Structures are given as C-alpha cells and as structure tokens.
Amino acid sequence: MNKLYDVIVIGGGPAGLSAALYAGRARLSTLVIEKKKEGGQIALTSEVENYPGCIEDESGPSLIDRMHKQVLHFGAEVVYDEIEAVFLEGAIKQLKGKKDVYKAKSIIIATGASSRPIGCPGEKEFTGKGVSYCATCDGSFFEDFDIYVVGGGDTAVEEAMYLTKFGRSVTIIHRRDELRAAKSIQDKVFKNPKMKFMWNTVVKELRGDGILNTMVVENVKTGEQTTIVADEEDMTFGVFGFIGYVPKTDIFKDILNLDKGYIVTDENMKTNIDGVFAAGDIRVKSLRQVVTAASDGAIAAVQAEKYIESLE
Ligand code: NAP
C-alpha cells in the first residue's frame, strides 16, 4: 500500500475503534488494521452492563457493531491483516503485514490481549472439541450438558452465569476458596440454583476420544485428585477457561518499553518512541474495561493529532 496515513491503529477493539473515531473526526487520514474481526475480547462477551449507556440486552458484538459503523461514518478505513513486524523509529513508521506493508506518520497500538490458557495437558487437543474460551460463541453447544468454568474473576463468574442458560449445571473450578469477582456479581452467582463450586481446585488434565470426556482435577490443599467422566448419555461436557489474559506484544519486544509484557505509556498514551501510542488492555494500567479502553483510544488519537501538527 503506497498511501501514507496520518494515523494507523493496530487493533479493532473498543480502544482501537475509539482512537479511529477521534482521529477520523479530526479529519486525519486513518486506517484500522484488524487481524480477523473487530471487537477483540468484548466481541466474545455476552453481556455488557457497565459501559455507560448500556443498560439491558447489550451484548459485546452489538456494541462493537455500532462502534464500527461510527468509525466508518467518520471516514476511517478498515483492513484485515496480521502485522508481523514493525519499524517505528523516524518520521515515517512502517508496518509489515501478512498481506501488505502500511505506512503512517503515527501509530496507535491497541492490540489487546488474548485468553490465558488453562495450561494443562490435553487443553490444545480439545480446544473446539469441549474446551472453549468464549461462552457467547460456544455456550449453545452445551445445551443440557454439564459445564465447567475455570477461574474466579469477573469474567469467569459473569460468563458462568450466562452459561446457566444452556448447561444442566455450571461448576466453577477455582484455585482458591473465595472468588475474586466483584461482590455484586458474586451475590447473583451464589443465588443461581444451577451453579456449583469446586474450591481450591485446579485442572490437571483433559482427555477424550475425539471429543473431551474426562477431566482430572486436583485439590491444591490436600493434593487429592478426582477424575470427572462425562455422563454416559452426554458423552462430553464443556470446559470454559476464563483465567485472565495475555498481552499481545510479541512484535514490540526489544522496541517498546514493556512491563510484564504490557506496554508502558505516560498518561497521554505515549510510548518511548515519538509518534507511537498505546491504548486499551495492551498497556500498563489499573483498570482494564471497555470504558477505560475507549478513553485511552480518545486520548491517543488527540495526542497523535498534536504530534502530527508538530511535524509540520
Ligand atoms: P482476572 O480478574 O485476572 O481473574 C483471573 C481469575 O483466574 C482469578 O480468579 C485467578 O485466580 C484465576 N487464575 C489466574 N491464573 C490461573 C491459573 N493459572 N490457574 C487457575 N486459575 C487462575 O481476569 P478476568 O476475570 O478476565 O478480568 C480481567 C479484568 O477485566 C479485571 O480487571 C476485571 O475486573 C475486568 N472485568 C470486569 C468485568 C465487569 O466489571 N463486568 C467483566 C469482565 C472483566 P486468583 O483469584 O486466585 O488470582
């Protein structure tokens, strides 16, 4: 691609789309590069009730769909490509994707994070065959089956509640004896008759025969292992992993300052390289939410505009 953009945004989640909205509205030529589909993690979220203005029946995909339309309305372009290498020093930044090479005066990185794997034998083999990281995508496959959710944070508990719409039972497997999730969410989950809990427990192994049918769990206090086998009629059960996220910063290693894999920025979203900004879950911050991602994106775009003005 020969065009030199004012701003290229890498990533089409709430941070990237908010950045593109602000950049587009400021009449900057703006390109969003998204790997597959807009949305990032929020596109996998069944219910969004804490983004201002979202009250009932707002799903991640419906919110993202509106953000995407808004971005196009303000003139930003969107392409689908996976960036494999970045050249960020100097006045013209270059991004090398699988399909094309892209150039811009400034870059906003909003690549977010991906689901942390449970980390046990059999997990990879049975992903998509019983193991999932997306309740919205895969919950309906487990209609009237037993479902296990690994994790005790907000995501695990909210998605477990959502999965009770489908599963005969939903069991949270948590490595401690209390949930990390917000108390308001906990109140709901403890009242739900379909919910069960396995405390102080971790998953040690997942097994099956083409599809998942056996899970070995271990009590971390006693060391006792239990083998859970699928009901004979069901032949399988669902295991959903929600144990946090891993930042997608591999291509920025040795280029940008990172802290535990997250990009270090100042409060204006500036990284250690002039003209390069980071927004959303990818950066070091205290609260990773849609509302804070959107806020980061807006700040990054306004700062990118100032940076471009300073070049002229
Ligand atoms: P999180 O808060 O980091 O929770 C991860 C959970 O997984 C914790 O319960 C943790 O156990 C457990 N865990 C981590 N590594 C594990 C391992 N190797 N084996 C077993 N369990 C493991 O992640 P999250 O729930 O995805 O939330 C991420 C951020 O988004 C948080 O800031 C959260 O508040 C926010 N969020 C907010 C909402 C909402 O407000 N509606 C919804 C979703 C997410 P420990 O508790 O023992 O550490």
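Indexing begins at 1, ligand by ligand and atom by atom, following the structure's order. Remember, it's a predicted structure, so these values are computed and weren't measured experimentally. Just so you know, residue 1 is the first one in the sequence shown, and it goes up from there.
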S.K.: Answer with yes or no whether the hydrophobic clustering places Ile173 together with Phe237; edges join I, L, V, M, F, W, Y residues whose side-chain heavy atoms lie under 4.5 Å apart.
M.R.: yes

S.K.: Checking a contact table here: which protein heavy atom is nearest atom 30 (O) of ligand 1, and how many Å away?
M.R.: Arg288 O, 3.4 Å

S.K.: Give the C-alpha distance, both sets of side-chain angles, the deciding distance and a yes or no for side chain to side chain contact (heavy atoms under 4.5 Å, CB included) between Met215 and Val150.
M.R.: CA-CA 12 Å; Met215 169 168 60; Val150 186; 5.8 Å; no

S.K.: Pick one of side chain, backbone, both or neither for how Asn50 approaches ligand 1, counting any non-hydrogen atom pair under 4.0 Å.
M.R.: side chain

S.K.: Ignoring hydrogens and angles, state whether a donor on the side chain of Ser29 or Lys3 is under 3.5 Å from an acceptor on the partner side chain.
M.R.: no

S.K.: So for ligand 1, is Gly152 a polar contact partner (N or O within less than 3.5 Å, distance only)?
M.R.: yes

S.K.: Which ligand 1 atoms, with their elements, are less than 4.0 angstrom from a heavy-atom of Glu158?
M.R.: 39 (C), 41 (N), 42 (C)

S.K.: Quick one: does atom 16 (C) of ligand 1 have a protein heavy atom under 4.0 Å from it?
M.R.: yes

S.K.: Kindly identify the option in Val220, Asp177, Ile243, Val203 whose heavy atom sits closest to atom 13 (N) of ligand 1.
M.R.: Ile243

S.K.: Taking a hydrophobic cluster as the set of Ile, Leu, Val, Met, Phe, Trp and Tyr residues connected by side-chain heavy atoms closer than 4.5 Å, whether directly or through intermediates, do Val276 and Ile92 fall within one such cluster?
M.R.: no

S.K.: At what distance is the nearest protein heavy atom to atom 36 (N) of ligand 1, and which residue and atom is it?
M.R.: Gln289 NE2, 3.1 Å

S.K.: Answer with yes or no after comparing the ring centroid distance for Tyr5 and Tyr102 against a 6.0 Å cut-off, counting only values under it.
M.R.: no

S.K.: Nearest protein heavy atom to atom 34 (O) of ligand 1, by residue and atom, and its distance?
M.R.: Asp154 OD2, 2.6 Å

S.K.: Would you check the N or O atoms of Arg116, main chain and side chain alike, for any that come under 3.5 Å of an N or O of ligand 1?
M.R.: no

S.K.: Looking at ligand 1, does any of its N/O atoms fall within less than 3.5 Å of an N/O of Leu287?
M.R.: no

S.K.: Against heavy atoms of Thr155, which atoms of ligand 1 measure under 4.0 Å?
M.R.: 24 (P), 25 (O), 26 (O), 27 (O), 43 (C), 44 (C)

S.K.: Please name the pair of heavy atoms, one in Thr271 and one in Ala278, separated by the smallest distance, quoted to 0.1 Å.
M.R.: CG2-N, 4.0 Å

S.K.: Which residue holds the protein heavy atom closest to atom 11 (O) of ligand 1, what is that atom called, and what is the gap in Å?
M.R.: Arg175 NE, 3.1 Å

S.K.: Can you tell me which residue and heavy atom of the protein come closest to atom 3 (O) of ligand 1, and the distance to 0.1 Å?
M.R.: Gly244 CA, 4.3 Å

S.K.: Verify the cluster assignment for Val217 and Leu212: are they in a single hydrophobic cluster under the rule of side-chain heavy atoms below 4.5 Å apart?
M.R.: yes

S.K.: Determine the minimum heavy-atom distance between Glu159 and Ala135, stating which atoms define it.
M.R.: OE1-CB, 3.3 Å

S.K.: Determine whether Lys105 and Asp6 satisfy the following criterion, salt bridge (Lys or Arg N to Asp or Glu O under 4.0 Å), listing intermediate values before the conclusion.
M.R.: CA-CA 5 Å; Lys105 294 176 191 167; Asp6 290 322; 3.3 Å; yes

S.K.: Find all atoms of ligand 1 within a distance of less than 4.0 Å from any non-hydrogen atom belonging to His174, and give their numbers and elements.
M.R.: 9 (O), 11 (O), 45 (P), 46 (O), 47 (O)

S.K.: Which of the atoms in ligand 1, numbered in the order shown and given with their element, are less than 4.0 Å from a heavy-atom of Arg176?
M.R.: 45 (P), 46 (O), 47 (O)

S.K.: Taking 4.0 Å as the limit for heavy-atom contacts, which would you say applies to Arg180 with ligand 1: side chain only, backbone only, both, or neither?
M.R.: side chain

S.K.: Go through the steps for Arg168 and Asp146 under the test salt bridge (Lys or Arg N to Asp or Glu O under 4.0 Å), then give the verdict.
M.R.: CA-CA 5 Å; Arg168 176 167 58 218; Asp146 292 322; 3.2 Å; yes

